[in-house]
There are 2 protein chains.
Amino acid sequence: MTERLADTPSDQDFLRLDGQICFSLNAASRAFGSLYRVLLKDLGLTYPQYLVMLVLWEQGTVPVKELGRSLRLDSGTLSPLLKRLEAAGLVTRERSAEDERSVHISPTAAGAALRERAAEVPRRIAAATGFGLADIVDLRARLDRLTTALDAATAAEGV
Amino acid sequence: MTERLADTPSDQDFLRLDGQICFSLNAASRAFGSLYRVLLKDLGLTYPQYLVMLVLWEQGTVPVKELGRSLRLDSGTLSPLLKRLEAAGLVTRERSAEDERSVHISPTAAGAALRERAAEVPRRIAAATGFGLADIVDLRARLDRLTTALDAATAAEGV
DNA sequence: GACCATTGAGTTGTGCACAACTTAATTGTG
DNA sequence: CACAATTAAGTTGTGCACAACTCAATGGTC
């Protein structure tokens with residue numbers, strides 16, 4: 001393989017990258033998923049459900065719209081997920097009085113109680129990464145930058 | 001908010017981190033997914049299907065087992081995916097003669113031809129990230145390190 | 001050679017992500 | 001006020017990820 005200047009990558013370079021950043025990202029995301037699955041099993045929550053509960057624990061009552069903004073999910077994903085949480089007795093769903101289009105989600109007593117049992121999860125996750133706080137903060141910043149760039153590109157293509 | 005030493009993060013720090021690295025990772029992964037979806041639409045491929053085709057373009061005929069190892073996917077995911085690729089006329093599936101348990105996947109002529117049309121995708125993805133080659137390589141290394149650590153932790157918990 | 005554990009694909013069932021659509025409530029404008 | 005456009009949830013359909021399972025082929029081991 002011949003040497004190339006770092007600023008003039010070949011098609012081959014791109015082809016290799018291709019199966020890489022996104023693939024590595026995907027793999028890391030799924031690896032997190034596996035660990036969360038194990039840690040959340042006792043609580044009877046999936047990772048997306050756990051994210052919803054995190055928001056509710058912090059904010060109390062939250063409209064579906066706001067949940068979607070926070071978690072980057074649309075109603076097509078949230079509606080059935082929230083129904084399952086409701087069926088599990090962890091949240092309530094009620095139409096807003098001021099705006100009948102809006103539905104407010106609140107944790108039930110059981111849902112709120114789950115917070116204690118979930119308290120250990122974040123620390124165990126952080127420990128499992130083997131990363132220090134600074135590393136994590138740095139990685140997060142890069143990923144967020146990446147997401148912003150990709151969203152912009154998708155929007156540009158989408159036109 | 002009070003200042004803390006970097007090496008003694010509080011529970012609050014962990015709770016905040018929690019909704020962060022994994023969440024950022026997830027968001028980035030999905031942002032990639034959205035861009036790939038747009039770019040692959042003309043080819044009639046989803047991102048996972050594209051990954052399979054990448055392997056086939058590079059290696060020709062590959063047993064399902066090997067595909068699973070490469071892509072970190074099990075037969076529960078691959079079997080239906082490969083059936084869809086077969087239905088689309090992009091791959092063939094045949095039982096191995098030496099080992100009747102094994103199924104070999106090969107690109108058809110149409111599947112191989114798709115390679116040309118997909119050639120642009122990697123460069124456009126790389127451009128969309130806004131990252132240089134060095135940044136991408138570095139990020140990939142961090143993510144792979146993360147995945148390894150998480151897999152080890154999951155295995156340890158799994159016991 | 002018979003028996004049993006292992007292996008590779010496939011199937012079934014659950015849940016998430018997302019596109020495309022529907023429905024009902026609200027808002028804006030003539 | 002009326003009516004069109006917008007907005008918030010929800011529904012439907014497709015595809016992926018994964019656990020748990022089945023089934024047939026293979027490879028020891030006695």
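Just so we're on the same page: letters track the sequence lines, and every chain starts at 1.
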Just how far, in rounded Å, is [atom2] of [N] from [atom1] of [X]?
X      : N      : atom1 : atom2 : value
B/F32  : C/dC18 : CZ    : P     : 15 Å
B/L51  : D/dG15 : CG    : P     : 17 Å
A/N26  : D/dC18 : CG    : C1'   : 14 Å
B/E86  : C/dA9  : CD    : C1'   : 13 Å
B/E100 : C/dT6  : CD    : P     : 23 Å
A/L45  : C/dT14 : CG    : P     : 18 Å
A/Q49  : C/dG15 : CD    : C1'   : 8 Å
B/H104 : C/dA9  : NE2   : C1'   : 13 Å

Q: Apply the test side-chain hydrogen bond (donor to acceptor under 3.5 Å, both in side chains) to residues B/S96 and B/S102: give CA-CA distance (whole Å), side-chain angles for both, the deciding distance (0.1 Å), then the verdict.
A: CA-CA 5 Å; B/S96 164; B/S102 178; 5.0 Å; no
Return yes if some donor-acceptor pair links the side-chain N/O of [X] with the main-chain N/O of [Y] below 3.5 Å, else return no.
X      : Y      : result
A/S75  : A/L78  : no
B/E58  : B/V55  : no
A/W57  : A/P107 : no
A/R140 : B/S24  : no
B/T108 : B/L90  : yes
A/R95  : A/E100 : yes
A/D144 : A/T147 : no

Q | 5'-most by nearest nucleotide on DNA chain C - A/P80 or B/L78 | A |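 Closest to the 5' end, via its nearest nucleotide, is B/L78.
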(Q) Can you identify which nucleotide, out of D/dT11, D/dC18, D/dG15, has its nearest atom closest to the B/L73 side chain? (A)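 So the side chain of B/L73 is nearest to D/dC18.
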Q. Which of these nucleotides, D/dA9, D/dT26, C/dT26, is closest to any side-chain atom of B/D99?
A.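 For the B/D99 side chain, the nearest candidate turns out to be D/dT26.
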Q. With sequence neighbours excluded, what pairs up with B/E94 under the side-chain contact (heavy atoms from CB on, under 4.5 Å) test?
A.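 B/T92.
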Q. Sequence neighbours excluded, which residues qualify as side-chain contact (heavy atoms from CB on, under 4.5 Å) partners of A/D135?
A.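 Partners of A/D135 by the side-chain contact (heavy atoms from CB on, under 4.5 Å) criterion, ordered by chain and then number, come out as A/F131.
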Please tell me if [X] has a side-chain N or O lying less than 4.0 Å from either OP1 or OP2 of [N].
X      : N      : value
B/S102 : C/dA9  : yes
A/R93  : D/dG10 : yes
A/K83  : D/dA9  : no

Q: Name the residue closer to the 5' end of DNA chain D, choosing between B/A97 and A/V103 according to the nucleotide with the nearest heavy atom.
A: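 The answer here is A/V103.
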Q) If you find the nucleotide of DNA chain D closest to A/L82 and the one closest to B/L81, which residue's nucleotide is nearer the 5' end? A)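 Per heavy-atom nearest nucleotide, the more 5' residue is A/L82.
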Q) Tell me, which of residues 60-69 of chain A have any heavy atom that sits under 4.0 Å from an atom in DNA chain D? A)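 By residue number: A/P63, A/V64, A/K65.
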(Q) I'd like to know if B/K83 pairs up with B/E86 as an ion pair, taking the criterion as any Lys NZ or Arg NE/NH1/NH2 lying under 4.0 Å from an Asp or Glu carboxylate oxygen. (A)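 B/E86 and B/K83: not salt-bridged.
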I'd like a table of atom pairs between the protein and nucleotides 19-24 of chain C - only N or O on both sides, under 3.5 Å - with the distance next to each one.
{"from": "C/dA19", "atom 1": "OP1", "to": "B/R37", "atom 2": "NH1", "distance (Å)": "3.4"}

Q.
What contact category does A/T46 fall into here, base, sugar-phosphate, or nothing, at under 4.0 angstrom with non-hydrogen atoms?
A.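 Sugar-phosphate only.
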Result block: side-chain N/O donor-acceptor pairs under 3.5 angstrom for residues 28-37 of chain A, not counting sequence neighbours:
{"from": "A/R30", "atom 1": "NH2", "to": "B/R72", "atom 2": "O", "distance (Å)": "2.3"}
{"from": "A/S34", "atom 1": "OG", "to": "A/R30", "atom 2": "O", "distance (Å)": "3.2"}
{"from": "A/Y36", "atom 1": "OH", "to": "B/D18", "atom 2": "OD1", "distance (Å)": "2.6"}

Q. Where does DNA chain D pair, written as one dot-bracket string 5' to 3', with Watson-Crick or G-U pairs under 3.5 Å, ( ) inside the strand, [ ] for crossing pairs and | for another strand?
A. ||||||||||||||||||||||||||||||
